[in-house]
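Numbering of ligands and ligand atoms starts at 1, following listing order. For this chain, numbers begin at 1 and follow the sequence in order.
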Amino acid sequence: MTTAADQVLKGLFSEAGLDDPYRYYAELHKLGPVSLLEGGAGYAAVVTGYEAADQLLRDPRFLVADDVFSDELSGPEWREHPLLTVLNNSMMYSNGPRHTQARRLFQQVFTPRRVAELEPAVGRLVDGLMDQLAERLAVDGEADFMSEFAYPLPSSVVAALLGIPQADLTWFRPRVERINDFLDVVGKTDEVLAAADQATRELSEYYRTLIAERRKAPSDDLISQLVEAVDAGLHEVSDDDLICNLLVLFNASFVTTIHLIGNGMWMLLDQPELRTAAATPAFVEEVLRYEAPVQFVARWSEVEASLAGTVIPPKEIVLVVLGAANRDSERYPDPDAFDARRVDVKPLSFGAGPHYCLGAALARAEARIAFPRLLERFPSLRSARPPVRNPQQFLRGYKSMPVAT
Ligand code: HEM
């Protein structure tokens with residue numbers, strides 16, 4: 001048996017849905033803020049209403065999919081996979097004390113002050129990448145904005161934050177992408193998992209070596225501070241936990257911010273009249289609302305739980321569609337219009353509640369610094385050919401974006 005929402009989800013998880021998920025979200029909104037699913041796809045319900053999504057993410061009954069859930073779902077076999085072990089040991093996929101311990105440790109060192117201190121370095125990285133973009137434009141007459149700028153910026157910034165040498169990033173990026181391939185809502189094949197497992201092994205070893213080096217010779221980077229805090233014994237976090245969290249933090253930072261930068265740039269190329277607003281925080285918030293880089297998160301509950309009048313069965317995955325919540329007409333008038341003058345924009349693009357994105361301030365800072373500088377340096381930047389979509393459903397953005405001056 002299938003429900004009306006199952007039918008819509010089928011369309012959403014197709015080529016047409018990749019191209020334009022918003023028409024499917026509009027269909028789901030018509031069915032209500034929470035819809036039950038019967039037809040497989042691995043989800044018991046889909047949440048699209050803004051209030052319902054916000055409420056669910058803050059509700060302690062709803063948990064991220066952790067080791068307990070993995071045991072329920074597939075037995076203990078997941079422990080044989082380095083990737084799944086790392087994910088389940090990280091704060092992003094833990095609940096209760098394990099989550100609190102790791103989150104507190106990272107919050108102790110990854111403070112708003114540290115983000116503010118990093119801003120000049122972000123500016124320098126933006127300038128360096130703009131030099132490369134200018135060179136490519138001069139040599140080839142056009143350049144791919146995604147590969148020349150949007151992809152390298154976030155990984156360079158998180159590397160600067162953590163203390164990973166910039167020269168190591170060419171080794172790093174393909175491994176992070178193998179992990180990312182497995183995290184999509186569709187396409188979790190054995191081959192994809194095997195490649196992600198191998199990438200996890202290699203990245204874990206890399207972090208283990210870096211931790212040992214920083215323990216011997218501390219620097220002023222985040223890894224040194226994390227190691228110092230762990231060694232001070234104030235947090236019940238081991239080196240293994242630290243590695244899992246560093247791996248997940250790098251990944252979470254890199255694959256998401258790319259699309260904030262790419263989606264914002266596309267708005268500026270496609271609607272040049274928006275350029276006067278590009279330096280305002282409101283522009284960045286509207287980009288985040290309009291095209292959430294992370295479209296979905298997931299939760300489950302040990303017990304039957306009612307949400308917005310719908311009873312959600314226990315021990316089943318609930319799909320929370322952040323991209324749909326941000327386009328809920330109950331929350332935002334004319335939600336499908338991009339309007340950088342909106343007030344009271346609080347997109348759910350960074351989630352909400354205990355797992356609210358740890359790097360939200362850093363991602364916003366990168367965008368706020370990058371857009372005006374790009375427009376100042378390349379005032380006549382234009383789209384050379386239509387951009388190509390990133391093929392992943394859960395990360396909304398572009399794979400390539402040819403630009404010219
Ligand atoms: C535009 C860029 C970004 C977007 C859209 C984004 C989105 C998100 C979302 C939706 C969550 C919540 C996941 C959930 O509730 O299940 C999250 C969590 C997280 N993000 Fe981000 N993120 C971005 C950038 C960053 C950056 C720059 C960093 C690190 C420097 C980062 C690190 C994390 C971490 C560690 C978590 C897990 C927090 C926890 O479980 O307590 N993110 N992010």
Check ligand 1 against Leu260 and write out every atom of the ligand that is under 4.0 Å from a heavy-atom position of the residue. 1 (C)
Considering only the protein, which heavy-atom contact is closest to atom 14 (C) of ligand 1, and what is its distance? Arg299 NH2, 3.5 Å
Would His99 count as a contact of ligand 1 if the rule is a heavy atom under 4.0 Å away? yes
Report the nearest protein non-hydrogen atom to atom 12 (C) of ligand 1: residue, atom name, distance rounded to 0.1 Å. His355 O, 3.4 Å
Mind checking what makes side-chain hydrogen bond (donor to acceptor under 3.5 Å, both in side chains) contact with Ser147, not counting sequence neighbours? Asp144
Pair Asp67 + Arg98, salt bridge at N-O below 4.0 Å: yes
Ligand 1 contacted by His259 (non-hydrogen, < 4.0 Å): no
Report, in ascending order of atom number, the atoms of ligand 1 lying under 4.0 Å from any heavy atom of Phe110. 30 (C)
Please say whether Ser349 places an N or O atom under 3.5 Å from an N or O atom belonging to ligand 1. no
Spell out the protein N/O/S atoms under 2.8 Å from atom 21 (Fe) of ligand 1 as residue plus atom name. Cys357 SG
Quick check: does Tyr356 get an N/O under 3.5 Å from an N/O on ligand 1? no
To the nearest 0.5 angstrom, please state how far the OH atom of Tyr43 sits from the CG atom of Asp6. 12.5 Å
From Leu210 CG over to Asp168 CG, what is the distance, rounded to the nearest 0.5 angstrom? 8.5 Å
Distance-only, no hydrogens or angles: does the Ser94 side chain make a donor-acceptor pair with backbone N or O of Ser90 under 3.5 Å? yes
Using a plain distance cutoff, I'd like to know if Thr257 has any nitrogen or oxygen under 3.5 Å from a nitrogen or oxygen of ligand 1. no
Determine, for Glu285 against Arg364, whether the closest basic-nitrogen to carboxylate-oxygen distance falls under 4.0 angstrom. yes
Pick out which of Arg382, Arg385, Arg136 makes a side chain to side chain donor-acceptor pair (under 3.5 Å) with Glu142. Arg385
Relative to the heavy atoms of Pro354, which atoms of ligand 1 are at a distance of less than 4.0 Å? 41 (O)
Do the side-chain N and O atoms of Glu177 and Tyr151 include a donor-acceptor pair separated by under 3.5 angstrom? no
Measure from the side-chain N and O atoms of Arg342 to the backbone N and O of Pro333, and report whether any donor-acceptor pair falls under 3.5 Å. yes
Give me the ring orientation class for Phe250 and Phe254: parallel if the planes are under 30° apart, tilted from 30 to 60°, perpendicular past 60°. tilted
Run the numbers for me: atoms of ligand 1, each under 4.0 Å from some heavy atom of Val297, listed by number. 13 (C), 14 (C), 16 (O)
Ring geometry between His99 and His355 (parallel below 30°, tilted from 30 to 60°, perpendicular above 60°): tilted
Where does the angle between the aromatic ring planes of Trp300 and Phe69 fall among parallel (under 30°), tilted (30 to 60°) and perpendicular (over 60°)? tilted
Within the structure, is a non-hydrogen atom of Phe254 found at a distance of less than 4.0 Å from ligand 1? no
Could you see which bit of Arg396 sits under 4.0 Å from ligand 1, with heavy atoms only: side chain, backbone, both or neither? neither
Cation-pi check, Arg289 to Tyr332: give yes when NZ or CZ is under 6.0 Å from the six-membered ring centre and within 45° of the ring axis, no otherwise. yes
Among all protein heavy atoms, pick the one closest to atom 36 (C) of ligand 1 and tell me residue, atom and distance. Met92 CE, 3.5 Å
Can you tell me if Leu322 has a non-hydrogen atom under 4.0 Å from ligand 1? yes
Find all atoms of ligand 1 within a distance of less than 4.0 Å from any non-hydrogen atom belonging to Arg103, and give their numbers and elements. 38 (C), 39 (C), 41 (O)
Is a side-chain N or O of Ser35 found less than 3.5 angstrom from the main chain of Ala5, in a donor-acceptor match? no
Applying a strict 4.0 Å limit to heavy atoms, is Ala367 in contact with ligand 1? no
